[in-house]
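Below is one structure, written out as structure tokens; the observations come after it.
Keep in mind it's a predicted model, so treat the numbers as computed, not measured. A note on names: the letters A, B, ... follow the listed sequences, proteins ahead of strands, and every chain is numbered from 1. Every heavy atom of this structure was used, including side-chain atoms; hydrogens, water molecules and symmetry mates were not.
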Amino acid sequence: MDQRYIRNFSIIAHIDHGKSTLADRFLEFTHTLPPREMREQVLDNMDLERERGITIKAHAIRMDYKNEEGNEYILNLIDTPGHVDFTYEVSRSLAACEGALLVVDASQGVEAQTISNLFLALENNLAIIPIINKIDLPGAQIDLVKNQLKELLGVEEQEIILASAKQGIGIEKILERIIQKIPPPSGADTNPLKGLIFDSVFDQYRGAIPYIKIKDGSLKKGDRIKFFSNQKEYDVDEVGYLRLKLVPTESLSVGEVGYVIANVKNVTDTKVGDTITSANNPATEPLPGFKDIKSMVFSGFYPADSENYAELRDAMDKLKMNDASLTFEPESSNALGFGFRCGFLGLLHLEIVQERLRREYGQPIIATVPNVEYRVTLKDGKIVYIENPALLPPTDKVEKIEEPFVLVQIISPSEYIGNIMKLVMERRGVYKTTEYVDKTRVSLHFDLPLSEIIFDFYDKLKSITRGYASLDYELEDFRESDLVKLSILINGDPVDALSAIVHRGKAYFWGRNLCQKLRELIPRQLFEVAIQAAIGSKVISRETVSPLRKNVTAKCYGGDITRKRKLLERQKEGKKRMKQIGSVEIPQEAFLAILQVER
Amino acid sequence: MALGIYIHIPFCLSKCPYCDFNSIVLDSGLAEEYVKSLLKEIQTFSESQAVSMVAKTIYFGGGTPSILKASQLSEILETVFSSFEVKSDAEISLEANPGTLAKEKVKKLRKSGFNRVSLGVQSFGDKELKILGRAHNSKQVIKSYKILRKYFNNLSLDLIFGIPGQSLKTWSENLNMALKLRPEHLSVYSLTIEEGTPFYYLWKQGKLGLPDEEGVRKMYLEGINLLKAQGYRQYELSNFACKGFECQHNLRYWQGKEYIGFGAGAHSYFQGVRWGNIRGIKEYVELSEKNSLLIDFRERLTQSQKINEFILLGLRMTEGIDLKKLKEDLNFDLEKFKKEEVGELIKKKFLKKEKERLRLSRKGILVSDSIIQKLVP
């Protein structure tokens with residue numbers, strides 16, 4: 001394929017700004033899919049994606065387009081995940097493109113995440129085509145959004161395309177502009193192979209299948225390839241391009257986007273951002289930008305019914321086949337039994353994994369309070385990384401504890417600056433800068449501990465700005481903080497699954513709220529149950545569940561013993577789902593509800 | 001083979017708002033057909049059995065069995081006599097409600113073979129009786145009791161505590177009134193709110209005004225104390241008796257002995273199988289007329305179900321459970337299998353162990369449901 005007739009592009013848009021609908025229109029206009037295969041948001045094929053209206057995995061689809069001049073082009077749309085948890089994946093998808101459509105909702109304007117993704121695109125030297133979508137909506141403020149885009153991109157008004165993906169307005173114009181403005185891929189067929197992996201999927205018969213963009217060289221069946229990051233070599237079984245299904249071709253030439261099947265066992269070997277090269281004629285350097293994925297948020301996943309540990313492990317193994325960013329290793333808890341310490345890209349990623357385990361594998365789980373990774377320097381100078389608060393070394397051995405800080409960008413109408421400042425200060429944030437995006441909107445920058453934003457920060461932000469603010473963040477560094485381990489004790493026994501590392505200034509508040517919540521959730525038992533929150537050996541809060549005083553069924557229903565026995569068996573079944581700490585029975589809800597405790 | 005016989009009479013003068021037993025307001029036409037069906041069921045069962053069976057106890061429960069005519073009740077009893085072997089010392093009980101017991105009727109009942117009456121008094125306070133929706137008043141209670149006393153030397157009274165609006169004081173008055181009558185046996189029940197009853201809906205709406213848990217607990221303890229002081233032995237969670245007057249029929253249920261129930265919704269336990277008859281009264285009669293099977297469900301108890309029942313029922317009795325019997329008959333070593341639980345419950349004085357028996361302490365009686373849950377496998 002002559003690379004002059006290839007265009008690779010992505011769509012940058014905030015959630016709900018119409019990215020998936022626009023993609024649907026392209027597919028229709030180019031007759032890429034037969035009408036019977038079309039449905040709304042056709043690229044978001046995971047139920048979860050369709051429900052939540054977000055893209056979780058990257059997708060790519062190849063379209064054939066004959067332009068006004070009658071030339072045949074190949075357009076590869078590389079759809080990116082749409083959440084701050086997946087920033088790295090987004091950057092690699094963008095690196096596979098030469099251009100991007102910047103889609104902004106005519107009534108909502110530019111949002112923080114759009115800007116951060118735009119910057120990712122600019123870093124990758126992408127040509128940007130600005131588009132205002134949903135111009136048909138009554139609330140459309142076309143002029144305002146035009147000005148935002150002009151300021152943001154330094155473009156002329158006529159460069160901005162007005163569209164309504166829903167109504168099919170502006171679609172052809174966008175396609176023409178893609179041909180005109182986005183450059184064809186660079187690189188040369190004659191160079192050694194460099195293929196950028198921007199995603200991979202797992203097929204149970206064919207193994208891990210990386211999706212790649214050929215940056216240099218070409219690839220065909222029978223070639224021997226090598227992955228740069230781990231130097232592993234494979235023989236190529238099949239190459240092809242992506243059109244919802246995999247479509248085999250003879251070869252992939254420079255500039256093309258497609259897939260490679262080479263019997264790779266595991267998606268952990270097809271890392272996003274890695275470079276595939278030829279084993280016999282390798283490139284000297286890999287493509288820039290590869291990072292090993294780092295987990296940002298950790299949580300213990302335990303089977304709801306502890307007898308299901310083996311099933312959960314199988315499910316996690318299978319899920320991991322498709323999700324290289326999920327990490328996990330076995331751990332055990334005195335309260336929850338055997339489970340896994342899992343690492344995630346963020347809280348959304350955690351929720352998605354939890355939800356997929358339940359839906360796709362029928363494995364309900366109990367997740368412990370999510371936490372970040374702490375860097376702990378011991379008195380003897382040794383440095384350890386702690387992913388499970390229960391494993392924090394005793395205070396007398398600890399020199400200092402450092403926690404990850406992130407650079408946060410919040411874009412909001414300027415009237416909410418006060419509210420945002422207040423929220424950020426409550427979360428131990430440090431103000432950095434303010435810039436005006438346009439006359440009414442500001443972009444605020446802060447340093448914040450990651451641990452303070454992984455919980456309900458985004459929801460809070462939304463509520464104090466009437467839903468107008470948007471958020472983006474990236475990891476900066478580790479900084480020392482006055483952190484303590486808050487333990488929860490039930491009748492004197494520490495419950496590891498409920499312990500957390502918190503800032504000393506907040507330990508009392510959090511401890512008290514947690515104790516109160518637990519008191520509501522732990523049913524009365526035969527004996528008194530003391531719930532305590534403690535820092536080290538110092539108890540900072542205490543609640544008591546008074547003992548059951550009377551629990552006796554007076555009447556035994558004549559000869560109907562069956563009814564009574566069945567009731568007992570049901571109660572017993574319910575008890576099995578309880579977790580045992582000493583002689584105290586704790587319902588699963590107690591472990592789940594602490595996620596909702598005010599911090 | 002020894003048996004208990006239960007006869008269900010599902011008719012009442014009126015339906016009380018707390019009751020979820022299988023009963024309806026009396027329809028004398030239906031009652032007549034029902035009695036016919038009962039007779040048929042009793043005869044059919046006994047004819048189907050190869051060996052002759054000895055009825056150790058016979059119990060007419062309801063509903064309000066005493067609402068039937070004396071002739072109907074004695075006809076049923078006669079049929080039992082002719083279908084089973086009944087020794088002269090068999091306990092033959094009739095549940096009765098005040099206001100359904102004219103002197104002539106009581107005399108006839110005694111003559112036809114009944115030797116024990118359990119009177120559904122529930123309360124001696126007219127206000128409480130009204131709240132409970134009972135069809136009688138306290139005057140009728142005394143009158144009925146006096147008539148019964150002329151012919152019977154084994155009488156039991158049922159009392160309910162935890163009635164909406166009841167105080168510890170009015171409850172004590174009830175107990176004292178009952179004790180004055182010197183019945184041989186007393187059943188003392190805590191009012192339970194059963195799903196689907198009018199009380200349940202009131203309770204859901206917060207309109208029932210039940211005494212609080214602590215209040216009900218005190219009433220229960222008051223009952224245990226007062227009755228004990230007056231020479232009644234508590235032999236089951238809700239049952240108290242003068243020596244030798246324990247209800248033999250009910251004991252069969254708790255001791256896992258066999259019994260056959262006849263009538264709509266009646267339950268049986270026989271040769272390791274539990275079954276229940278169809279509950280609907282009209283359906284019962286119709287099926288009987290068609291000579292169809294009257295059974296609604298049957299279950300052959302598994303080993304673990306037997307163990308559950310052994311513990312569940314055994315601990316209701318103050319004599320508790322025989323650990324050796326549990327080990328030998330059902331191959332379940334409770335002390336070994338539930339070592340920690342048993343140990344802790346004994347240590348915390350919820351359970352007592354004497355020789356090879358494990359029983360609830362007084363403290364344990366109050367929370368027996370929770371303890372039983374901890375002990376079943």
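Remark: B/Lys349 NZ is loosely packed, at most 12 non-hydrogen atoms of other residues, nucleotides or ligands lying under 6.0 Å away. Summarising the local packing, NZ of B/Lys348 is surrounded by more than 12 heavy atoms from other residues, nucleotides or ligands at distances under 6.0 Å. Surrounding NZ of B/Lys56 are at most 12 heavy atoms belonging to other residues, nucleotides or ligands under 6.0 Å away.
Between B/Tyr18 and B/Phe199, the ring-plane angle classifies as tilted under the 30° and 60° cut-offs. Between B/His185 and B/Tyr235, the ring planes lie perpendicular to each other; the angle is over 60°, past the 30° to 60° tilted range.
Residue B/Tyr59 does not touch chain A at all, counting heavy-atom pairs closer than 4.5 Å. Using a 4.5 Å cut-off between heavy atoms, B/Gln373 touches chain A through backbone and side chain atoms alike. The contact between B/Glu299 and chain A is made entirely by side chain atoms (from C-beta outward), counting heavy-atom distances below 4.5 Å. For B/Lys374, the parts lying near chain A are the backbone and the side chain together; criterion is any non-hydrogen pair under 4.5 Å. Proximity to chain A is limited to the side chain of B/Glu214, based on heavy atoms less than 4.5 angstrom apart. Both the backbone and the side chain of A/Leu526 come within less than 4.5 Å of a heavy atom in chain B. For B/Phe350, the part sitting under 4.5 Å from any heavy atom of chain A is the side chain, from C-beta outward, and nothing else. B/Arg274 touches chain A through its side chain: at least one heavy atom from C-beta onward sits under 4.5 Å away, while N, CA, C and O do not. For A/Glu585, the part lying near chain B is the side chain, with the backbone staying farther off; criterion is any non-hydrogen pair under 4.5 Å. Heavy atoms of B/Ile365 lying under 4.5 Å from chain A belong exclusively to its backbone.
There is a side-chain donor-acceptor pair under 3.5 Å between A/Asn388 and A/Glu331.
A/Tyr361 does not carry A/Lys318 over the face of its six-membered ring by the limits of under 6.0 Å from the centre and within 45° of the normal.
Proximity of A/Met578 to A/Pro523: side-chain heavy atoms (C-beta onward) are separated by under 4.5 Å at one or more points.
For chain A, the option among B/Leu301, B/Ile371, B/Leu345, B/Leu312 with the highest count of heavy-atom pairs below 4.5 Å is B/Leu312.
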